[in-house]
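Inspection log for the structure reproduced underneath, given as C-alpha cells.
First the proteins, then the strands, lettered A, B, ... as listed; each starts at 1. Since the model is a prediction, treat every value here as computed from it, not as a measurement. The figures here come from the full heavy-atom set of this structure, side chains too, leaving out hydrogens, waters and symmetry mates.
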Protein chains: 2
Amino acid sequence: MNAVTPNIAERIRALGARATPARVAVMRLLETAERALSHHDIELALQANGFDRVTLYRVLDWMVESGLAHRVADAQRVFRFSLAAPDAPAHDRHAHFRCEDCGKVFCLDDVPVTRPALPKGFSSSAVELSITGHCGHCGKHA
Amino acid sequence: MNAVTPNIAERIRALGARATPARVAVMRLLETAERALSHHDIELALQANGFDRVTLYRVLDWMVESGLAHRVADAQRVFRFSLAAPDAPAHDRHAHFRCEDCGKVFCLDDVPVTRPALPKGFSSSAVELSITGHCGHCGKHA
DNA sequence: TTGCTAATGCAATTGTGTTGCGTTTGAACC
DNA sequence: GGTTCAAACGCAACACAATTGCATTAGCAA
C-alpha cells in the first residue's frame with residue numbers, strides 16, 4: 001500500500017514483467033537523474049536497499065532490452081544508462097556531455113543533432129554527438 | 001637494411017623516440033587500415049611478429065600520447081585506434097562511423113563537426129560525432 | 001493459499017586493459 | 001667495431017567492469 005511508486009510498478013507490469021523492488025528502485029532513480037548513470041553510480045545510490053551487483057546489471061539489461069533505457073560506453077569504457085524518453089519520437093539522435101574533471105555524463109536534450117552527409121553506400125540509424133569539456137559545476141573552480 | 005619502412009622509422013626518431021620493430025609494425029598497420037582497429041585486431045594482424053600483448057598496448061598508448069593516433073571506446077566498450085591525420089589542423093572535432101553489422105569503425109574526415117551551443121557554465125574541449133548504421137560494404141548485402 | 005517460473009543472490013569466470021620488475025636493445029658516443 | 005645507458009621490452013600478476021551458472025526466493029495469476 002505504498003503510494004510512492006504506483007505508476008512505475010504499473011508500467012513494469014504492463015510490459016509483462018514482474019514489478020520487483022530492484023526494478024522499481026532503478027527506474028525511479030533513472031527518472032530523477034539528470035545525467036546518464038553508471039552501474040557504480042546506481043550501486044552507490046541504492047546501497048541502502050542491499051541489492052546484489054548482478055541484480056542491478058540484470059535490471060539494466062532488461063531495461064535496455066525493453067527499450068526503457070539507453071546504454072552508452074563512455075570514454076573510460078564504462079557503460080552509462082539513461083532513461084529513454086517515452087515521448088521522444090525518434091531517439092536516433094542524441095547528445096551527451098562528459099566532464100573531464102568529474103567524469104559525469106549529461107544528456108543534452110536541447111542540443112540538436114543533425115544527420116550529416118555520409119560516404120556513398122553508407123546508411124545511418126543513429127547519430128550521437130559526444131562533447132567533452134568542463135561542466136557547469138567544475139568550470140567554476142577551474 | 002630493409003628498405004620497406006624507411007619513412008616510418010625516420011618519423012618515430014624525429015619525435016625523440018626509438019624506432020623499435022613493434023612501433024614500426026603498428027604504425028604501418030594503422031596507416032594501411034581504412035578503419036579504426038582494436039588491440040585485438042592488431043594482435044591478430046601482427047601475431048607472426050610475436051610481440052607481447054603489453055608491448056602492443058604500450059605502443060598504442062605512446063601513439064596516443066604523441067598525437068599519432070586517436071583512441072575511442074566503441075559501443076562494446078573496447079578501445080579502437082586510428083591514425084591521426086598529420087595535416088589535420090585541430091583534431092578536437094572528429095566524426096566516426098560504426099557499422100552495426102561488421103562492427104568496424106571508420107574515420108569520417110570529410111564530415112564537418114560543428115560545436116553546438118551548451119548550457120550556461122559548460123565549456124567544450126572536444127566534440128565527437130558518432131554515427132551508427134551500415135557501412136558501404138554491409139549495406140549492399142542488407 | 002497454492003503453484004509456477006521469473007527474478008534474485010552468491011560464487012566463479014571472462015575480457016580488456018594496467019602495473020611491477022628484471023632483461024634486452026636502439027642509438028649516441030667514442 | 002665496441003661501450004654505455006636509459007628507453008623499450010617480456011613476463012607475470014593485478015585491477016576492474018561485466019557475464020554466466022546454479023540453487024533459492026518471491027511475484028502474481030489462478
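Scanning atom types as modelled, one donor and one acceptor separated by under 3.5 angstrom connect the side chain of R53(A) and the base of dA18(D). A donor N or O paired with an acceptor N or O is found under 3.5 Å between the base of dG10(D) and the side-chain atoms of R58(B).
Distances from the side chain of R77(A) to the nucleotides dT20(D), dT16(C), dT19(C) place dT16(C) closest. Nearest nucleotide to the side chain of V54(A), out of dC10(C), dC21(C), dT18(C): dC10(C).
To the nearest angstrom, C1' of dG15(C) lies 13 Å from CD of Q76(B). In this entry the distance linking CG of L15(A) with P of dG27(D) reads 18 Å, nearest Å. Computed from coordinates, the L56(A) CG to dC10(C) P distance equals 12 Å when rounded to whole Å. dG17(C) atom C1' lies 15 Å from atom CZ of R80(B), rounded to whole Å. Rounded to an integer number of Å, the gap from I12(A) CD1 to dA7(C) C1' is 12 Å. The interatomic distance linking W62(B) (CH2) with dA7(D) (C1') rounds to 12 Å, in whole Å. Separating the OH atom of Y57(A) from the C1' atom of dT13(C) is a distance of 14 Å, rounded to the nearest angstrom. Going from atom CG of L60(A) over to atom P of dA7(C) covers 14 Å, rounded to whole Å.
Between the CG atom of L56(B) and the NE2 atom of H40(B) there is a distance of 12.0 Å, given to the nearest 0.5 Å. The NE2 atom of H39(B) sits 10.5 Å away from the CG atom of D41(B) when rounded to the nearest 0.5 Å.
By the criterion of side-chain heavy atoms lying less than 4.5 angstrom apart, applied directly or through intervening Ile, Leu, Val, Met, Phe, Trp or Tyr residues, V54(B) is not grouped with V78(B); the two fall into different hydrophobic clusters.
One finds a side-chain N or O of T55(A) lying less than 4.0 angstrom from the OP1 or OP2 phosphate oxygen of dG9(C). In terms of phosphate contacts, R23(A) brings a side-chain nitrogen or oxygen within less than 4.0 Å of OP1 or OP2 of dA7(C).
Counting only heavy atoms from C-beta outward, the side chains of R71(B) and D61(B) approach each other to under 4.5 Å. You'll find the side chain of W62(B) reaches within 4.5 Å of the side chain of R23(B), heavy atoms only. The closest side-chain heavy-atom distance from L60(B) to I42(B) is below 4.5 Å. For the pair N49(A)/P21(A), no side-chain contact is recorded, criterion being any heavy-atom separation below 4.5 Å from C-beta on.
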Strictly under 4.0 angstrom, non-hydrogen atoms only: write out the protein contact profile of nucleotides 22-30 of chain C, one letter per nucleotide from the 5' end, B, S or -. ---BBS---
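At a threshold of 4.0 angstrom between heavy atoms, the contacts of H40(B) with the nucleic acid are absent.
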